[in-house]
Every structure is written in structure tokens, then in C-alpha cells.
K.L.:
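Here you go, one structure.
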Amino acid sequence: MQKPSIPKGTRDFTPEEMANRNYIFNTIKSVFQLYGFQQIETPAMENLSTLMGKYGEEGDKLLFKILNSGDFISGTTDEELLERNSTKLTGKFAEKGLRYDLTVPFARFVVQNRDKISFPFKRYQIQPVWRADRPQKGRYREFYQCDVDVVGSDSLLNELELIQIVDEVYRRLKINVCIKINNRKILSGIAEIIGEAEKITDITVAIDKMDKIGLEKVNEEIASKGITQSAIDKLQPILKLSGSNAEKLFQLKTVLSGSETGLKGVAELETIFNLCESVGISTKIELDLTLARGLNYYTGAIFEVKALDVEIGSITGGGRYDNLTGVFGMEGVSGVGISFGADRIYDVLNQLNLYPETSAEQTQILFVSFGEKELMYCLPWLKSLRNSGINAEIYPEPSKMKKQMGYADNKNIPFVAIVGETEMKEGKVMLKNMKTGEQKLMSLDEIMTGVKN
RNA sequence: GUGGUUAUAGCUCAGUUGGUUAGAGCGUCGGAUUGUGGUUCCGAAGGUCGCGGGUUCGAGCCCCGUUUUCCACCCCA
């Protein structure tokens with residue numbers, strides 16, 4: 001006998017769990033559609049060449065590669081095998097990989113299908129992605145992302161709409177969140193001002209950890225990357241900026257007065273804040289200069305959403321990228337998007353127990369019977385109920401009452417229709433309300449209204 | 001990739017300094033109750049103690065390896 005198991009970092013979902021997950025997906029989906037986004041899907045696997053090099057060195061390691069079918073070893077020489085260079089050999093053994101996120105496949109999609117889409121293109125995509133990470137709290141090897149992106153528009157109105165979407169999704173899900181916002185141009189400006197422009201990635205990665213490891217450790221990490229002490233000293237007042245968003249922006253303007261890029265970033269954020277002000281966003285938005293985000297294709301605004309009542313990593317994140325399609329040969333197309341981490345949202349909802357009580361997916365009425373004749377008698381009833389949109393099922397074999405009732409109880413079915421000799425003679429069924437225990441002989445019409453209430 | 005941690009029935013977990021036949025609750029199945037579930041009572045089935053090796057007269061317990069779980073780091077949703 002084989003012990004059943006699934007790969008590490010993956011999960012099964014029971015019907016109850018799926019009902020809860022669908023609640024999340026449906027909520028997110030309906031808000032996306034409210035703003036005019038259209039759904040696309042892309043394959044689970046992409047050509048490795050599409051994925052490699054897009055997520056940095058670390059990302060390449062975390063890609064799941066798919067072994068070539070057939071004799072995958074045939075294209076390799078003995079010398080290559082003896083070399084035991086796994087990076088080189090993966091290129092020979094695997095030419096496909098599982099998608100790591102939805103943004104890069106989307107960029108590929110846009111370039112490949114540009115004749116069929118009109119810009120600005122607003123798309124959403126809800127699909128699983130895979131990362132060969134070590135699983136831990138809130139981190140899985142297979143998880144869903146819910147991406148919304150607009151490509152082909154530079155307008156900051158898009159940033160505003162994404163913020164509105166975040167606001168609305170979490171309002172509907174009843175999760176208290178805080179939106180953190182920053183701008184890559186500001187970060188670049190800072191790096192420029194302190195004279196370490198080319199170390200921008202190291203600097204951002206380090207200051208991204210600010211709220212986790214604190215100022216001192218951040219400085220240590222920056223120093224370890226070979227950044228001069230005078231540059232670090234210049235960085236300190238910036239890292240310690242405080243006050244309201246407007247105050248921070250005001251101070252930044254003086255600090256970044258020598259950097260054109262930096263000032264542009266400040267101006268962008270100012271516009272975004274003003275737009276938010278004018279439409280009214282109920283979620284708290286905070287300018288956080290320590291927000292950097294790892295993915296290095298971001299070039300403008302960057303966002304991150306944190307749940308306030310649960311200790312978990314960010315549950316939504318994104319930003320603007322000026323030239324994502326460039327690598328696929330389509331220059332000058334700017335995009336901005338965010339990604340909802342459905343699995344982390346699911347964890348948050350589980351911890352706070354914020355699911356709606358009744359699920360639309362549930363069976364409303366179960367037919368219980370005593371024999372073949374009764375089963376046949378039920379079939380037209382079932383058909384009518386289903387035609388009028390009532391979820392109905394029948395216990396498919398004439399088992400003991402206890403068993404059939406137990407089935408209804410386990411599935412939390414609110415009504416049971418009992419059918420035997422007496423009911424058939426009367427042309428009715430015995431409808432039992434499982435919560436109150438009341439039961440009554442009823443006709444079809446009476447059942448329709450009874451079940452609906 | 002680094003460090004720690006976990007693994008015993010379908011599930012959640014007990015299991016003494018290493019000592020006879022490895023236990024409980026829940027769930028499942030049967031019965032009390034042949035037209036009534038969620039309560040109660042009785043009974044039954046269900047185990048290669050993750051896997052492989054070692055120490056020992058004897059291993060669920062100790063040692064090594066491996067896989068797995070969870071956690072932290074790296075990184076990230």
C-alpha cells in the first residue's frame with residue numbers, strides 16, 4: 001500500500017475551504033470588473049527563456065523547471081555531464097518552467113497578442129503560481145495571485161484606480177488594512193544624492209527591512225555592501241523622516257533638490273495623494289520611504305498592503321513598471337498593476353473568521369426516500385426546483401432514514417423532503433426544516449416559497 | 001540555500017529510566033431506534049509507531065542517514 005501524500009508547500013482544499021476561497025475570488029473578481037478590467041489566462045508552464053532572468057538571480061533559483069519529455073539526456077555530451085554544472089545542464093534538460101508570477105507571462109501575452117488588444121489594456125488574471133521556496137508561515141510553493149494591470153497608459157489615474165480597488169476589496173472583505181506607498185524614483189533620487197546611484201538595489205533591499213530589523217541593522221547591511229560611511233551618514237536624515245505624508249513630501253523636496261529623478265517621484269506621489277483626496281479613500285494611505293519591494297522592474301509608484309489585525313507579510317503589492325514589455329521587443333509601453341495574495345488573504349480571513357454565514361454554493365434541499373418508486377416520484381420535483389434555481393439533490397439510494405438524515409446534517413442542508421407511501425398518495429412531500437425540526441406536508445409551490453425563505 | 005523543529009489509528013494527540021498484547025477523544029461502521037438528523041447509551045473495525053540502517057537480551061523511546069511538518073534567516077504573496 002502506498003501512503004498518500006502531496007508535495008511540500010502544496011495543499012488540498014475541502015469543499016468548505018473552497019466555498020471560503022471562492023468567496024475571496026468572487027469578491028476580488030467583481031471589484032475588478034467594476035473598474036472595467038477583463039480576465040485572461042495564460043498557461044501554467046512557460047518557456048524557460050521567457051521566465052529566466054526576469055526575477056533576479058534569486059528568482060531563477062526559485063523557478064520550477066519541467067524536465068523535457070522523452071530522452072532528455074540525449075542532447076547532452078559526456079563532457080557536459082561530467083562537468084556536473086547544474087545551471088548549464090538545466091538549460092539542456094528543461095526548456096519549460098512553471099510560472100513564477102502573473103506579470104511576466106502577462107507582458108509576454110501583451111507583446112504576442114498586441115494585434116488583438118486595444119490600449120490602454122486593462123486585464124485581470126487569477127491563477128496559481130509556483131515557487132521552489134522553502135515553505136513557512138504564509139508561504140506556499142503553490143499559491144494564487146489575483147493580478148490587475150493596466151498597460152499602455154502613463155496616467156496616474158491608473159494608480160488612483162488601483163488604490164480604489166484595494167480600498168473597495170478590503171472594505172467588502174471586512175479586513176482592516178493600511179496601504180503603504182512609495183516611489184522608485186524617490187529611492188533612485190536618494191541613491192543619487194548620497195553618491196551611490198549604482199548601488200540602488202542593495203540600498204533598497206536593505207531599507208526594505210527597516211520595520212523588521214531596525215535602523216541599526218539596516219545601516220550595518222548597507223555598510224556590508226560596500227557603501228561609504230559618508231553616504232550612510234547622508235542617508236540617515238532621510239530614513240528618519242517623519243510627520244504626515246504632506247510633511248514628508250515637503251521635506252523630501254529639499255533633500256532631493258539636486259536630483260531630477262527624485263523630484264519627479266515626489267511630484268508623482270503628490271499627484272496621487274491629491275487624486276485620492278478628491279475621490280475619498282477610506283483606507284489609510286501612508287508614505288513609507290522604507291518600502292522598496294524586491295522585484296527590480298518597478299520604476300514609479302510602489303504599493304504594499306498590510307493587514308492591521310493579523311501578523312502576516314504583505315497581502316497585496318504592486319507598482320509601476322515602465323518597460324516590462326521591452327525584453328520581448330515592444331518598447332515604450334508603461335504599465336502599472338497590483339497583485340492580491342489570495343492565499344494570505346485566506347489565512348487572514350481564517351484567523352479573524354470573517355466569512356459570511358451562508359454560502360450560495362450550498363444545497364438547499366435534500367430528497368430522502370424509501371425505495372425505487374419514491375426515487376422516481378422525486379425526479380420531476382427535483383427538476384422543477386433546479387429549474388427555478390434552487391440547489392437540490394436526492395439521496396441516490398434507498399438507505400436507512402438515519403443515514404440519509406445524517407447526510408443532510410453533515411452537509412448542513414437546511415431542508416429535507418421526505419417521500420413515502422403517504423406523501424405519494426397525497427401528491428405532496430413532507431418538508432422538514434432541519435434547524436427548527438418542524439415538518440409539514442407540502443405541494444411543489446409551497447416548497448418553492450418555503451425553501452426560499 | 002542556511003539553522004532549528006516535528007513525525008504514533010482517517011483526524012487531534014497520550015505513551016514513565018529502553019521492558020509483556022501501543023492507548024484516548026473525535027470520525028467511520030453496526031446496534032439500542034425497520035418513517036426522522038444534530039443529544040444519549042452499547043459494540044466493532046482501524047497501527048510496518050514516516051522510511052532505511054545501527055546500538056541493545058529487548059527500541060515508539062537512544063544513535064546515524066533520509067524524507068516530511070512547522071518555524072526563523074535569505075527572499076517573497
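Since the structure is predicted, the reported quantities are computational estimates derived from the model, not experimental observations. Letters go in sequence order (proteins before strands), and every chain restarts at 1. Values below: every heavy atom of this structure, side chains too, minus hydrogens, waters and symmetry copies.
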K.L.:
In whole angstrom, what separates A/Asp101's CG from B/rC75's P?
P.N.:
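It works out to 18 Å between those atoms.
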
K.L.:
Using whole Å, what does the distance between atom C1' of nucleotide B/rC75 and atom CG of A/Leu63 come to?
P.N.:
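Spelled out: CG on A/Leu63 to C1' on B/rC75 is 13 Å.
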
K.L.:
Do A/Phe143 and the base of B/rA77 stack face to face, with centres under 5.5 Å apart and an angle between planes under 30°?
P.N.:
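Stack criterion met.
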
K.L.:
Output yes when A/Asp343 and A/Arg11 qualify as a salt bridge under the 4.0 Å nitrogen-oxygen rule, no when they do not.
P.N.:
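Salt bridge present between A/Asp343 and A/Arg11.
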
K.L.:
Mind checking if A/Gly437 touches a base, just sugar-phosphate, or nothing, with heavy atoms under 4.0 Å?
P.N.:
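Result for A/Gly437 = base.
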
K.L.:
Once you apply a heavy-atom cut-off of 4.0 Å, does A/Lys61 come out as touching a base, just sugar-phosphate, or nothing?
P.N.:
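Counting heavy atoms under 4.0 Å across all strands, no contact is made by A/Lys61.
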
K.L.:
Only stems of 3 or more consecutive Watson-Crick or G-U pairs count here, both distances under 3.5 Å; name the ones for RNA chain B, or none.
P.N.:
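In RNA chain B, stems of three or more pairs: B:1-4 with B:70-73, B:10-13 with B:23-26, B:28-32 with B:40-44, B:50-54 with B:62-66.
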
K.L.:
Checking all strands, does A/Gln404 fall into the base, sugar-phosphate, or nothing category for heavy-atom contacts under 4.0 angstrom?
P.N.:
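Result for A/Gln404 = nothing.
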
K.L.:
Between A/Thr316 and A/Tyr170, do the side chains contain an N or O donor and an N or O acceptor separated by less than 3.5 Å?
P.N.:
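Checked: A/Thr316/A/Tyr170 side chains pair up, N/O donor to acceptor below 3.5 Å.
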
K.L.:
How are the rings of A/Tyr355 and A/Tyr23 set to each other: parallel, tilted or perpendicular (split at 30° and 60°)?
P.N.:
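Because their plane-to-plane angle is over 60°, the rings of A/Tyr355 and A/Tyr23 count as perpendicular.
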
K.L.:
Aromatic rings A/Phe109 and A/Phe106: how do their planes relate, parallel, tilted or perpendicular, breaks at 30° and 60°?
P.N.:
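Because their plane-to-plane angle is under 30°, the rings of A/Phe109 and A/Phe106 count as parallel.
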
K.L.:
Report the distance from atom OH of A/Tyr407 to atom C1' of B/rG38, rounded to the nearest whole Å.
P.N.:
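Between C1' of B/rG38 and OH of A/Tyr407: 17 Å.
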
K.L.:
To the nearest Å, how far apart are A/Lys411 NZ and B/rG27 C1'?
P.N.:
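Value for this atom pair: 18 Å.
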
K.L.:
Between A/Lys403 and B/rU36, is there a side-chain N or O to OP1/OP2 distance below 4.0 Å?
P.N.:
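No, no such contact exists.
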
K.L.:
Heavy atoms under 4.0 Å, any strand shown: does A/Tyr144 hit a base, just sugar-phosphate, or nothing?
P.N.:
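If one applies the 4.0 Å heavy-atom cut-off, A/Tyr144 turns out to touch nothing in the nucleic acid.
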
K.L.:
Go through residues 347-355 of chain A and report each residue with a non-hydrogen atom lying under 4.0 Å from RNA chain B, sorted by number.
P.N.:
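Those residues whose heavy atoms fall under 4.0 Å from RNA chain B, taken from residues 347-355 of chain A, amount to none.
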
K.L.:
Can you identify which nucleotide, out of B/rA77, B/rG30, B/rG35, has its nearest atom closest to the A/Arg344 side chain?
P.N.:
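Closest nucleotide to the A/Arg344 side chain: B/rA77.
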
K.L.:
Whole-Å distance between B/rC75 P and A/Glu58 CD?
P.N.:
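Rounded to the whole Å, the gap is 7 Å.
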
K.L.:
Donor-acceptor pair under 3.5 Å: do we get one between A/Gln439's side chain and the base of B/rG35?
P.N.:
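Side chain to base: no pair present.
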
K.L.:
Inspect the contact between A/Arg139 and A/Asp133 and indicate whether a charged nitrogen and a carboxylate oxygen are less than 4.0 angstrom apart.
P.N.:
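Looking at A/Arg139 together with A/Asp133, the answer is yes, because their closest N to O distance falls below 4.0 Å.
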
K.L.:
For a quick check of understanding: with a heavy-atom distance under 4.0 Å over all strands, which category does A/Ser5 fall into, base, sugar-phosphate or nothing?
P.N.:
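No contact.
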
K.L.:
For B/rG38, does the base pair up with any side-chain atom of A/Asp409 as donor and acceptor (N or O, under 3.5 Å, distance only)?
P.N.:
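When only heavy-atom distances are counted, A/Asp409 does not reach the base of B/rG38 through any donor-acceptor pair under 3.5 Å.
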
K.L.:
How would you label the contact of A/Glu423 with the nucleic acid (heavy atoms, under 4.0 Å): base, sugar-phosphate, or nothing?
P.N.:
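The answer is base, as A/Glu423 lies within the cut-off (heavy atoms under 4.0 Å) of a base atom.
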
K.L.:
Strictly distance-based, threshold 3.5 Å: is any side-chain N or O of A/Gln404 a donor or acceptor partner for the main-chain N or O of A/Ser369?
P.N.:
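Side chain of A/Gln404 to backbone of A/Ser369, a donor-acceptor pair under 3.5 Å: yes, one is there.
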
K.L.:
Write down the distance separating the P atoms in B/rA59 and B/rA22, rounded off to the nearest Å.
P.N.:
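About 14 Å, rounded to a whole number of Å.
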
K.L.:
Contact class for A/Phe340 (heavy atom, under 4.0 Å): base, sugar-phosphate, or nothing?
P.N.:
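Result for A/Phe340 = nothing.
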
K.L.:
Say whether, by atom type as modelled, one donor and one acceptor occur between the side chain of A/Asp167 and the main chain of A/Ile163 under 3.5 angstrom.
P.N.:
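Answer holds: no.
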
K.L.:
Hey, are A/Glu446 and A/Ser443 close enough side-chain-wise for a donor-acceptor pair under 3.5 Å?
P.N.:
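Yes, side-chain donor-acceptor contact under 3.5 Å.
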
K.L.:
What integer distance in Å separates A/Lys440:NZ from B/rU36:C1'?
P.N.:
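Distance check: A/Lys440 NZ to B/rU36 C1' gives 19 Å.
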
K.L.:
So do the side chains of A/Val416 and A/Ile365 get within less than 4.5 Å of each other, counting heavy atoms only?
P.N.:
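SC-SC contact between A/Val416 and A/Ile365 ruled out.
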
K.L.:
Please name all residues satisfying side chain to side chain donor-acceptor pair (under 3.5 Å) with A/Glu17, sequence neighbours left out, ordered by chain then number.
P.N.:
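Testing A/Glu17 for side chain to side chain donor-acceptor pair (under 3.5 Å), a comparison that skips the adjacent residues, returns A/Thr14.
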
K.L.:
Quick one: A/Tyr100 OH to B/rA77 P, roughly how many Å, whole number?
P.N.:
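Roughly 7 Å, once rounded to whole Å.
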
K.L.:
Report yes if the distance between the aromatic ring centroids of A/Tyr124 and A/Phe32 is under 6.0 Å, otherwise no.
P.N.:
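Under 6.0 Å, so yes.
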
K.L.:
Do A/Arg320 and A/Ser334 pair up side chain to side chain, a donor and an acceptor below 3.5 Å, judged on atom types alone?
P.N.:
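Result is yes, a qualifying pair exists.
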
K.L.:
Please measure how far the P atom in B/rU17 lies from the corresponding atom in B/rC62, and state the result in whole Å.
P.N.:
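The same atom, P, in both gives a distance of 11 Å.
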
K.L.:
Applying side chain to side chain donor-acceptor pair (under 3.5 Å), can you list everything that pairs with A/Ser5, at least two apart in sequence or on another chain?
P.N.:
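Expected list: none.
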
K.L.:
RNA chain B: A/Thr436 or A/Ile315, which has the more 5' nearest nucleotide?
P.N.:
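The residue whose closest nucleotide sits nearer the 5' end is A/Thr436.
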
K.L.:
For the P atoms, the ones on B/rC42 and on B/rG27, what distance do you get once it is rounded to whole angstrom?
P.N.:
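So the two P atoms sit 15 Å from each other.
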
K.L.:
Rounded to the Å, how far apart are A/Gln127 CD and B/rA77 C1'?
P.N.:
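To the nearest whole Å, that distance equals 16 Å.
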
K.L.:
Rounded to whole angstrom, note down the P distance from B/rC26 over to B/rU40.
P.N.:
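After rounding to an integer number of Å, I get 9 Å for this pair.
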
K.L.:
For the residue pair A/Tyr395 and A/Tyr407, does the interplanar ring angle fall in the parallel (under 30°), tilted (30 to 60°) or perpendicular (over 60°) class?
P.N.:
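It falls in the perpendicular class, over 60°.
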
K.L.:
Just to be sure I understand the rule, does A/Gly317 reach a base, reach only the sugar-phosphate, or reach nothing, if contact means heavy atoms closer than 4.0 Å?
P.N.:
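Nothing: the residue A/Gly317, judged by heavy atoms under 4.0 Å, touches no strand.
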
K.L.:
Test side chain to side chain donor-acceptor pair (under 3.5 Å) on A/Gln127 and A/Asp147 and set out the steps.
P.N.:
CA-CA 9 Å; A/Gln127 289 190 275; A/Asp147 273 29; over 6 Å; no

K.L.:
Among B/rG35, B/rU36, B/rC75, which is the nearest nucleotide to the side chain of A/Lys432?
P.N.:
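Of the candidates, B/rU36 comes closest.
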
K.L.:
Distance between the C1' atoms of B/rA77 and B/rU16, in whole angstroms?
P.N.:
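Those two atoms are separated by 46 Å.
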
K.L.:
Between B/rU20 and B/rG60, how far apart are the C1' atoms? Round to whole Å, please.
P.N.:
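Approximately 15 Å lies between the C1' atom of B/rG60 and that of B/rU20.
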
K.L.:
Which nucleotides of nucleotides 40-45 of chain B have their base under 4.0 Å from a protein heavy atom (B), which only their sugar-phosphate (S), and which neither (-), written as one string 5' to 3'?
P.N.:
------

K.L.:
If you measure from the P atom in B/rG15 to the same atom in B/rU2, how many Å do you get, rounded?
P.N.:
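Per the computed distance, 33 Å lies between those P atoms.
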
K.L.:
Taking the C1' atom of each, how far is B/rG37 from B/rG50, in whole Å?
P.N.:
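About 39 Å, rounded to a whole number of Å.
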
K.L.:
Would you mind building the protein contact string for nucleotides 68-73 of chain B? One character per nucleotide, 5' to 3', B for base within reach (heavy atoms under 4.0 Å), S for sugar-phosphate only, - for untouched.
P.N.:
SS-SBB

K.L.:
Pick base, sugar-phosphate or nothing for A/Ser314, based on heavy-atom distances below 4.0 Å to the nucleic acid.
P.N.:
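The answer is sugar-phosphate, as A/Ser314 gets under 4.0 Å only of primed atoms, P, OP1 or OP2.
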
K.L.:
Side chain of A/Arg99, backbone of A/Thr42: donor and acceptor closer than 3.5 Å?
P.N.:
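Looks like yes, one N/O pair under 3.5 Å.
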
K.L.:
For A/Glu95, does its backbone N or O pair with a side-chain atom of A/Asn68 as donor and acceptor, under 3.5 Å?
P.N.:
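Between the backbone of A/Glu95 and the side chain of A/Asn68 there is a qualifying donor-acceptor contact (under 3.5 Å).
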
